[in-house]
A.B. asks: 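The structure follows.
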Number of protein chains: 2
Amino acid sequence: MQSAPADTARTTPADICAAPPRHPRPDGQDSYTISEVVAFTGLTAHTLRWYERIGLMPHVDRSHTGQRRYTNRDLDWLNFVTKLRLTGMPVADMVRYAELVRQGETTYAERRELLESTRRDVLARIAELHDTLGVLDRKIGFYSAEATAP
Amino acid sequence: MQSAPADTARTTPADICAAPPRHPRPDGQDSYTISEVVAFTGLTAHTLRWYERIGLMPHVDRSHTGQRRYTNRDLDWLNFVTKLRLTGMPVADMVRYAELVRQGETTYAERRELLESTRRDVLARIAELHDTLGVLDRKIGFYSAEATAP
DNA sequence: CGCTTGCCTGGAGTGCACTCGAAGGCCATA
DNA sequence: TATGGCCTTCGAGTGCACTCCAGGCAAGCG
(Lines give C-alpha, C1' and ligand atoms only; values in the text may rest on other atoms or scores of the structure.)
Protein backbone atom coordinates (compact mmCIF):
# COMPACT_ATOMS: atom_id res chain seq x y z
CA MET A 1 0.00 0.00 0.00
CA GLN A 2 2.77 2.48 -0.66
CA SER A 3 0.89 3.92 -3.64
CA ALA A 4 -2.60 4.93 -2.61
CA PRO A 5 -4.50 7.78 -4.24
CA ALA A 6 -7.22 7.41 -1.61
CA ASP A 7 -10.57 6.90 -3.24
CA THR A 8 -13.78 5.14 -2.42
CA ALA A 9 -14.13 1.37 -2.35
CA ARG A 10 -15.74 1.37 -5.78
CA THR A 11 -12.49 0.62 -7.62
CA THR A 12 -10.14 -2.30 -7.06
CA PRO A 13 -7.24 -0.90 -5.05
CA ALA A 14 -4.47 -3.40 -5.80
CA ASP A 15 -3.41 -4.16 -2.25
CA ILE A 16 -6.55 -3.97 -0.19
CA CYS A 17 -8.24 -5.39 -3.28
CA ALA A 18 -11.70 -6.46 -4.35
CA ALA A 19 -14.12 -4.74 -1.99
CA PRO A 20 -17.75 -4.78 -3.14
CA PRO A 21 -20.51 -2.53 -1.72
CA ARG A 22 -20.02 -2.81 2.06
CA HIS A 23 -21.87 -1.65 5.13
CA PRO A 24 -23.68 1.64 4.48
CA ARG A 25 -20.92 4.22 4.66
CA PRO A 26 -22.73 7.41 5.60
CA ASP A 27 -21.39 10.17 3.38
CA GLY A 28 -19.38 10.39 0.19
CA GLN A 29 -16.35 11.46 2.14
CA ASP A 30 -13.00 9.88 2.72
CA SER A 31 -11.87 11.20 6.09
CA TYR A 32 -13.21 10.04 9.41
CA THR A 33 -12.31 10.79 13.00
CA ILE A 34 -11.59 7.95 15.35
CA SER A 35 -15.01 8.29 16.97
CA GLU A 36 -16.70 7.94 13.60
CA VAL A 37 -14.71 4.79 12.96
CA VAL A 38 -15.76 3.54 16.39
CA ALA A 39 -19.37 4.07 15.32
CA PHE A 40 -18.92 2.20 12.02
CA THR A 41 -16.86 -0.71 13.20
CA GLY A 42 -17.97 -1.32 16.75
CA LEU A 43 -14.33 -1.42 17.83
CA THR A 44 -13.27 0.86 20.67
CA ALA A 45 -10.94 3.81 20.17
CA HIS A 46 -8.46 2.05 22.40
CA THR A 47 -8.53 -1.01 20.18
CA LEU A 48 -8.10 1.07 17.03
CA ARG A 49 -5.03 2.76 18.47
CA TRP A 50 -3.73 -0.57 19.68
CA TYR A 51 -4.17 -2.11 16.21
CA GLU A 52 -2.05 0.72 14.86
CA ARG A 53 0.66 0.26 17.50
CA ILE A 54 1.07 -3.43 16.80
CA GLY A 55 1.24 -2.88 13.04
CA LEU A 56 -2.18 -4.18 12.12
CA MET A 57 -3.20 -0.87 10.49
CA PRO A 58 -1.31 0.34 7.40
CA HIS A 59 -0.48 3.85 8.61
CA VAL A 60 -3.39 6.15 9.32
CA ASP A 61 -3.32 9.76 8.12
CA ARG A 62 -3.20 12.60 10.63
CA SER A 63 -4.86 16.01 10.64
CA HIS A 64 -2.70 19.14 10.97
CA THR A 65 -3.28 18.87 14.71
CA GLY A 66 -2.09 15.27 14.78
CA GLN A 67 -5.45 13.58 15.05
CA ARG A 68 -6.14 10.38 13.18
CA ARG A 69 -8.06 10.65 9.94
CA TYR A 70 -9.25 7.32 8.59
CA THR A 71 -9.99 6.79 4.90
CA ASN A 72 -12.56 4.54 3.28
CA ARG A 73 -9.69 2.26 2.47
CA ASP A 74 -8.87 2.06 6.16
CA LEU A 75 -12.48 1.15 6.89
CA ASP A 76 -12.32 -1.60 4.28
CA TRP A 77 -9.21 -2.93 5.90
CA LEU A 78 -10.80 -2.87 9.35
CA ASN A 79 -13.79 -4.65 7.93
CA PHE A 80 -11.57 -7.36 6.54
CA VAL A 81 -9.58 -7.65 9.75
CA THR A 82 -12.79 -8.00 11.73
CA LYS A 83 -13.87 -10.82 9.48
CA LEU A 84 -10.56 -12.58 9.90
CA ARG A 85 -10.81 -12.12 13.64
CA LEU A 86 -14.02 -14.06 13.86
CA THR A 87 -12.55 -16.98 11.98
CA GLY A 88 -10.34 -17.34 15.04
CA MET A 89 -7.18 -16.18 13.31
CA PRO A 90 -4.73 -14.88 15.91
CA VAL A 91 -3.84 -11.20 15.76
CA ALA A 92 -0.18 -12.08 15.18
CA ASP A 93 -1.08 -13.80 11.91
CA MET A 94 -3.07 -10.81 10.77
CA VAL A 95 -0.09 -8.60 11.55
CA ARG A 96 1.97 -10.91 9.36
CA TYR A 97 -0.50 -10.40 6.53
CA ALA A 98 -0.45 -6.65 7.07
CA GLU A 99 3.34 -6.73 6.79
CA LEU A 100 3.08 -8.56 3.49
CA VAL A 101 0.70 -5.89 2.25
CA ARG A 102 3.17 -3.18 3.29
CA GLN A 103 5.96 -4.92 1.40
CA GLY A 104 4.12 -4.43 -1.88
CA GLU A 105 3.20 -6.65 -4.76
CA THR A 106 6.20 -8.94 -4.56
CA THR A 107 4.35 -10.75 -1.78
CA TYR A 108 1.21 -11.58 -3.77
CA ALA A 109 1.99 -15.30 -3.86
CA GLU A 110 2.62 -15.51 -0.14
CA ARG A 111 -0.52 -13.56 0.64
CA ARG A 112 -2.53 -15.85 -1.52
CA GLU A 113 -1.17 -18.89 0.27
CA LEU A 114 -2.00 -17.37 3.60
CA LEU A 115 -5.54 -16.62 2.49
CA GLU A 116 -5.99 -20.09 1.06
CA SER A 117 -4.84 -21.69 4.26
CA THR A 118 -7.27 -19.45 6.12
CA ARG A 119 -9.97 -20.49 3.70
CA ARG A 120 -9.36 -24.14 4.53
CA ASP A 121 -9.61 -23.31 8.23
CA VAL A 122 -12.90 -21.55 7.68
CA LEU A 123 -14.32 -24.49 5.77
CA ALA A 124 -13.25 -26.85 8.54
CA ARG A 125 -14.85 -24.60 11.13
CA ILE A 126 -18.09 -24.50 9.20
CA ALA A 127 -18.10 -28.29 9.03
CA GLU A 128 -17.51 -28.53 12.77
CA LEU A 129 -20.34 -26.14 13.43
CA HIS A 130 -22.70 -28.15 11.25
CA ASP A 131 -21.73 -31.17 13.27
CA THR A 132 -22.45 -29.34 16.49
CA LEU A 133 -25.75 -28.24 15.07
CA GLY A 134 -26.66 -31.89 14.60
CA VAL A 135 -25.86 -32.66 18.23
CA LEU A 136 -27.87 -29.66 19.42
CA ASP A 137 -30.84 -30.62 17.29
CA ARG A 138 -30.83 -34.13 18.67
CA LYS A 139 -30.75 -32.89 22.24
CA ILE A 140 -33.39 -30.26 21.59
CA GLY A 141 -35.53 -32.96 20.01
CA PHE A 142 -35.12 -35.08 23.09
CA TYR A 143 -36.20 -32.29 25.42
CA SER A 144 -39.13 -31.43 23.18
CA ALA A 145 -40.29 -35.04 23.23
CA GLU A 146 -40.00 -35.13 27.02
CA ALA A 147 -42.08 -31.96 27.23
CA THR A 148 -44.97 -33.32 25.15
CA ALA A 149 -44.86 -36.92 26.41
CA PRO A 150 -43.72 -36.98 30.04
CA MET B 1 -27.71 -36.91 36.90
CA GLN B 2 -28.27 -38.09 40.43
CA SER B 3 -29.46 -41.49 39.15
CA ALA B 4 -26.90 -43.03 36.83
CA PRO B 5 -26.50 -46.77 36.46
CA ALA B 6 -23.47 -46.19 34.25
CA ASP B 7 -23.85 -47.99 30.95
CA THR B 8 -22.61 -47.54 27.41
CA ALA B 9 -23.82 -44.78 25.14
CA ARG B 10 -26.11 -47.15 23.27
CA THR B 11 -29.14 -46.26 25.36
CA THR B 12 -30.65 -42.83 25.90
CA PRO B 13 -29.56 -41.78 29.36
CA ALA B 14 -32.20 -39.20 30.21
CA ASP B 15 -29.87 -36.41 31.31
CA ILE B 16 -26.87 -36.69 29.09
CA CYS B 17 -29.36 -37.76 26.43
CA ALA B 18 -29.39 -38.75 22.77
CA ALA B 19 -25.87 -39.83 21.92
CA PRO B 20 -25.48 -41.69 18.62
CA PRO B 21 -22.42 -43.77 17.59
CA ARG B 22 -19.49 -41.49 18.48
CA HIS B 23 -15.75 -41.56 17.97
CA PRO B 24 -14.40 -45.12 18.02
CA ARG B 25 -14.34 -46.01 21.70
CA PRO B 26 -11.72 -48.75 21.92
CA ASP B 27 -13.05 -51.49 24.15
CA GLY B 28 -16.42 -52.51 25.57
CA GLN B 29 -15.41 -51.19 28.95
CA ASP B 30 -16.74 -48.38 31.09
CA SER B 31 -13.81 -47.23 33.18
CA TYR B 32 -10.93 -45.14 31.89
CA THR B 33 -7.95 -43.52 33.54
CA ILE B 34 -7.30 -39.85 33.03
CA SER B 35 -4.54 -40.58 30.53
CA GLU B 36 -6.90 -42.69 28.45
CA VAL B 37 -9.38 -39.85 28.43
CA VAL B 38 -6.59 -37.53 27.36
CA ALA B 39 -5.96 -39.85 24.42
CA PHE B 40 -9.64 -39.94 23.41
CA THR B 41 -10.53 -36.31 23.85
CA GLY B 42 -7.35 -34.44 23.05
CA LEU B 43 -7.79 -32.43 26.24
CA THR B 44 -4.90 -32.34 28.69
CA ALA B 45 -5.07 -33.96 32.13
CA HIS B 46 -4.72 -30.50 33.60
CA THR B 47 -7.74 -29.33 31.69
CA LEU B 48 -9.79 -32.38 32.70
CA ARG B 49 -9.05 -31.77 36.39
CA TRP B 50 -9.76 -28.10 35.94
CA TYR B 51 -13.13 -28.84 34.29
CA GLU B 52 -13.98 -30.90 37.35
CA ARG B 53 -12.91 -28.17 39.79
CA ILE B 54 -15.08 -25.53 38.14
CA GLY B 55 -18.10 -27.83 38.04
CA LEU B 56 -18.11 -28.59 34.34
CA MET B 57 -17.87 -32.35 34.96
CA PRO B 58 -20.71 -34.14 36.78
CA HIS B 59 -18.65 -35.88 39.47
CA VAL B 60 -16.11 -38.40 38.28
CA ASP B 61 -15.75 -41.76 40.04
CA ARG B 62 -12.57 -42.58 41.92
CA SER B 63 -10.64 -45.83 42.28
CA HIS B 64 -9.94 -47.16 45.78
CA THR B 65 -6.64 -45.26 45.64
CA GLY B 66 -8.36 -42.02 44.76
CA GLN B 67 -7.57 -41.92 41.04
CA ARG B 68 -10.18 -40.73 38.57
CA ARG B 69 -12.13 -43.35 36.66
CA TYR B 70 -14.13 -41.94 33.76
CA THR B 71 -17.19 -43.72 32.38
CA ASN B 72 -18.47 -43.80 28.80
CA ARG B 73 -21.10 -41.38 29.96
CA ASP B 74 -18.35 -39.01 31.06
CA LEU B 75 -16.74 -39.32 27.65
CA ASP B 76 -20.07 -38.49 25.99
CA TRP B 77 -20.34 -35.44 28.17
CA LEU B 78 -16.80 -34.33 27.35
CA ASN B 79 -17.57 -34.83 23.71
CA PHE B 80 -20.59 -32.59 23.99
CA VAL B 81 -18.72 -29.98 26.00
CA THR B 82 -15.97 -29.93 23.41
CA LYS B 83 -18.52 -29.29 20.69
CA LEU B 84 -20.07 -26.47 22.67
CA ARG B 85 -16.60 -25.02 23.23
CA LEU B 86 -15.93 -24.62 19.57
CA THR B 87 -19.15 -22.76 19.04
CA GLY B 88 -17.49 -20.08 21.16
CA MET B 89 -19.75 -20.65 24.17
CA PRO B 90 -17.99 -19.37 27.29
CA VAL B 91 -17.06 -21.95 29.89
CA ALA B 92 -19.23 -20.19 32.46
CA ASP B 93 -22.33 -20.87 30.34
CA MET B 94 -21.43 -24.51 30.02
CA VAL B 95 -21.04 -24.70 33.77
CA ARG B 96 -24.53 -23.26 34.02
CA TYR B 97 -25.83 -26.03 31.78
CA ALA B 98 -23.97 -28.65 33.83
CA GLU B 99 -25.67 -27.29 36.95
CA LEU B 100 -29.06 -27.66 35.31
CA VAL B 101 -28.22 -31.25 34.48
CA ARG B 102 -27.24 -31.89 38.09
CA GLN B 103 -30.54 -30.45 39.28
CA GLY B 104 -32.47 -33.21 37.50
CA GLU B 105 -35.37 -33.31 35.14
CA THR B 106 -37.21 -30.31 36.55
CA THR B 107 -34.83 -28.20 34.49
CA TYR B 108 -35.66 -29.71 31.09
CA ALA B 109 -37.40 -26.57 29.86
CA GLU B 110 -34.57 -24.29 30.85
CA ARG B 111 -32.00 -26.60 29.30
CA ARG B 112 -33.93 -26.68 26.09
CA GLU B 113 -34.07 -22.88 25.99
CA LEU B 114 -30.36 -22.70 26.56
CA LEU B 115 -29.68 -25.16 23.77
CA GLU B 116 -32.01 -23.34 21.42
CA SER B 117 -30.31 -20.07 22.08
CA THR B 118 -26.98 -21.79 21.45
CA ARG B 119 -28.40 -23.18 18.25
CA ARG B 120 -29.26 -19.68 17.08
CA ASP B 121 -25.72 -18.56 17.89
CA VAL B 122 -24.29 -21.44 15.88
CA LEU B 123 -26.44 -20.57 12.88
CA ALA B 124 -25.33 -16.96 13.11
CA ARG B 125 -21.70 -18.03 13.30
CA ILE B 126 -22.08 -20.24 10.27
CA ALA B 127 -23.58 -17.32 8.36
CA GLU B 128 -20.70 -15.07 9.40
CA LEU B 129 -18.19 -17.64 8.28
CA HIS B 130 -19.89 -18.01 4.92
CA ASP B 131 -19.66 -14.27 4.58
CA THR B 132 -15.97 -14.36 5.41
CA LEU B 133 -15.52 -17.15 2.92
CA GLY B 134 -16.94 -14.86 0.25
CA VAL B 135 -14.44 -12.16 1.11
CA LEU B 136 -11.57 -14.62 1.09
CA ASP B 137 -12.63 -16.05 -2.24
CA ARG B 138 -12.77 -12.62 -3.79
CA LYS B 139 -9.31 -11.77 -2.55
CA ILE B 140 -7.89 -15.12 -3.58
CA GLY B 141 -9.46 -14.62 -6.98
CA PHE B 142 -7.75 -11.25 -7.23
CA TYR B 143 -4.35 -12.67 -6.40
CA SER B 144 -4.86 -15.56 -8.82
CA ALA B 145 -5.73 -13.14 -11.61
CA GLU B 146 -2.64 -11.06 -10.83
CA ALA B 147 -0.50 -14.19 -10.97
CA THR B 148 -1.71 -15.24 -14.43
CA ALA B 149 -2.03 -11.76 -15.94
CA PRO B 150 0.61 -9.46 -14.46
C1' DC C 1 14.51 -52.32 48.75
C1' DG C 2 14.80 -48.73 45.77
C1' DC C 3 13.41 -46.82 41.38
C1' DT C 4 10.22 -45.43 37.98
C1' DT C 5 5.75 -44.33 36.47
C1' DG C 6 1.35 -42.46 36.95
C1' DC C 7 -1.68 -39.95 39.40
C1' DC C 8 -3.07 -36.71 43.19
C1' DT C 9 -3.62 -31.69 45.28
C1' DG C 10 -3.65 -26.51 45.76
C1' DG C 11 -2.10 -22.65 44.06
C1' DA C 12 0.57 -19.82 41.08
C1' DG C 13 1.77 -18.50 36.26
C1' DT C 14 0.97 -17.72 31.15
C1' DG C 15 -0.68 -15.80 26.77
C1' DC C 16 -3.96 -13.51 24.34
C1' DA C 17 -6.71 -9.64 23.22
C1' DC C 18 -8.07 -6.18 24.68
C1' DT C 19 -9.31 -2.34 28.23
C1' DC C 20 -8.55 1.27 31.14
C1' DG C 21 -6.29 5.15 33.70
C1' DA C 22 -3.41 9.09 34.23
C1' DA C 23 -1.71 13.17 32.60
C1' DG C 24 -1.87 16.38 29.38
C1' DG C 25 -2.91 19.01 24.42
C1' DC C 26 -6.04 21.44 21.20
C1' DC C 27 -10.02 23.86 20.07
C1' DA C 28 -14.92 25.49 19.84
C1' DT C 29 -18.39 27.56 22.21
C1' DA C 30 -20.34 30.43 26.25
C1' DT D 1 -11.00 32.98 29.73
C1' DA D 2 -12.81 28.97 31.07
C1' DT D 3 -15.27 24.88 30.42
C1' DG D 4 -16.27 20.72 28.08
C1' DG D 5 -15.24 17.45 24.94
C1' DC D 6 -12.47 14.88 22.28
C1' DC D 7 -7.84 13.87 21.26
C1' DT D 8 -2.83 12.14 22.47
C1' DT D 9 0.80 8.61 24.67
C1' DC D 10 2.50 5.23 27.80
C1' DG D 11 1.93 1.80 30.71
C1' DA D 12 -0.59 -0.94 33.72
C1' DG D 13 -4.78 -3.84 34.60
C1' DT D 14 -8.47 -7.31 33.34
C1' DG D 15 -10.79 -11.62 32.10
C1' DC D 16 -10.65 -15.82 30.07
C1' DA D 17 -9.08 -20.41 29.49
C1' DC D 18 -6.04 -22.85 30.38
C1' DT D 19 -1.11 -24.47 31.90
C1' DC D 20 2.29 -25.50 34.93
C1' DC D 21 4.70 -26.40 39.32
C1' DA D 22 5.95 -28.35 43.74
C1' DG D 23 5.37 -31.79 46.73
C1' DG D 24 3.52 -36.16 47.70
C1' DC D 25 1.26 -40.96 47.50
C1' DA D 26 0.62 -45.76 45.52
C1' DA D 27 1.66 -49.59 42.56
C1' DG D 28 4.66 -52.44 39.80
C1' DC D 29 9.23 -54.10 38.52
C1' DG D 30 14.30 -55.74 38.91
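Every chain is numbered from 1, with letters handed out A, B, ... down the list of sequences.
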A.B. asks: Nearest-Å distance, CE (A/Met89) to P (C/dA17)?
C.D. replies: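 Going from A/Met89 (CE) to C/dA17 (P), I get 11 Å.
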
A.B. asks: Specify the separation, in whole Å, of atom CD of A/Glu36 and atom P of D/dC6.
C.D. replies: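 Atom CD in A/Glu36 sits about 12 Å away from atom P in D/dC6.
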
A.B. asks: Expressed in angstrom and rounded to an integer, what is the separation of A/Arg62 atom CZ from D/dC6 atom P?
C.D. replies: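 Checked: the CZ to P distance equals 18 Å.
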
A.B. asks: Provide, to the nearest angstrom, the distance between the NE2 atom belonging to A/His64 and the P atom belonging to D/dC7.
C.D. replies: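 One finds 14 Å between P of D/dC7 and NE2 of A/His64, rounded.
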
A.B. asks: Between D/dC6 atom C1' and A/Gln67 atom CD, what is the distance in whole Å?
C.D. replies: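 My rounded result for the distance is 7 Å.
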
A.B. asks: How many Å lie between CG on B/Leu84 and C1' on D/dA17, as a whole number?
C.D. replies: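 For the pair B/Leu84 CG and D/dA17 C1', the rounded distance is 16 Å.
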
A.B. asks: Taking the side chain of B/Ser35 as its heavy atoms from C-beta onward, which of C/dG6, C/dT9, D/dT9 lies nearest to it?
C.D. replies: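 Within the option list, the nearest is C/dG6.
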
A.B. asks: In whole angstrom, what separates A/Tyr32's OH from D/dC7's P?
C.D. replies: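 Value for this atom pair: 16 Å.
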
A.B. asks: Could you check which of C/dC26, D/dT8, C/dT19 has an atom nearest any side-chain atom of A/Ile34?
C.D. replies: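 Nearest to the side chain of A/Ile34 among the choices is D/dT8.
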
A.B. asks: Between B/Tyr51 and D/dA17, is there a contact of a side-chain N or O with OP1 or OP2 at under 4.0 Å?
C.D. replies: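 The answer is no; no side-chain N or O of B/Tyr51 sits under 4.0 Å from OP1 or OP2.
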
A.B. asks: Would you say C/dC8 has OP1 or OP2 under 4.0 Å from some side-chain N or O of B/Arg49?
C.D. replies: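 The answer is yes; a side-chain N or O of B/Arg49 sits under 4.0 Å from OP1 or OP2.
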
A.B. asks: Mind checking if A/Arg69 touches a base, just sugar-phosphate, or nothing, with heavy atoms under 4.0 Å?
C.D. replies: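 Since no nucleic acid heavy atom lies under 4.0 Å of A/Arg69, the category is nothing.
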
A.B. asks: Just by distance, with hydrogens left out, do A/Asp74 and A/Thr71 show a side-chain donor and acceptor under 3.5 Å apart?
C.D. replies: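 Distance-only check passes for A/Asp74 and A/Thr71.
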
A.B. asks: B/Thr44 side chain: which of D/dT19, D/dA26, C/dA17 is closest?
C.D. replies: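 Between D/dT19, D/dA26, C/dA17, the one nearest the side chain of B/Thr44 would be D/dT19.
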
A.B. asks: Can the ring centroids of B/Tyr108 and A/Tyr143 be said to lie less than 6.0 angstrom from one another?
C.D. replies: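 Aromatic pair counts; centres sit under 6.0 Å.
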
A.B. asks: So does A/Arg53 get a side-chain nitrogen or oxygen closer than 4.0 Å to the phosphate oxygens (OP1/OP2) of D/dT8?
C.D. replies: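 Answer no for this pair, as no side-chain N or O of A/Arg53 is under 4.0 Å from OP1 or OP2.
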
A.B. asks: For A/Trp50 and B/Ala45, find the nucleotide of DNA chain C closest to each by heavy atoms; which residue's nucleotide sits nearer the 5' end?
C.D. replies: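 Per heavy-atom nearest nucleotide, the more 5' residue is B/Ala45.
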
A.B. asks: Do A/Asp30 and A/Tyr70 pair up side chain to side chain, a donor and an acceptor below 3.5 Å, judged on atom types alone?
C.D. replies: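 No, no side-chain donor-acceptor contact under 3.5 Å.
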
A.B. asks: Do A/His46 and C/dC20 have a side chain to base donor-acceptor pair shorter than 3.5 Å?
C.D. replies: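 Per atom types, the contact qualifies.
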
A.B. asks: Run the side-chain contact (heavy atoms from CB on, under 4.5 Å) check on A/Arg85 and A/Val91 step by step: do they pass?
C.D. replies: CA-CA 7 Å; A/Arg85 278 288 301 114; A/Val91 165; 4.1 Å; yes

A.B. asks: Side chain of A/Ser63, backbone of A/Gln67: donor and acceptor closer than 3.5 Å?
C.D. replies: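 Confirmed, A/Ser63 side chain pairs with A/Gln67 backbone.
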
A.B. asks: Side chain of A/Arg85 only, heavy atoms from C-beta on: which candidate in C/dA17, D/dC18, D/dA27 is closest?
C.D. replies: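 In terms of side-chain proximity for A/Arg85, the closest of C/dA17, D/dC18, D/dA27 is C/dA17.
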
A.B. asks: Can you identify which nucleotide, out of D/dC18, D/dT9, C/dC18, has its nearest atom closest to the A/Arg68 side chain?
C.D. replies: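 Comparing D/dC18, D/dT9, C/dC18 against the side chain of A/Arg68, the answer is D/dT9.
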
A.B. asks: Could you tell me how far apart A/Met94 (CE) and C/dC18 (P) are, to the nearest whole angstrom?
C.D. replies: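 Taking atom P of C/dC18 as the reference, CE of A/Met94 is at 7 Å.
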
A.B. asks: Side chain of B/Thr47 only, heavy atoms from C-beta on: which candidate in D/dT8, D/dC7, D/dT19 is closest?
C.D. replies: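 Side chain of B/Thr47 sits closest to D/dT19.
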
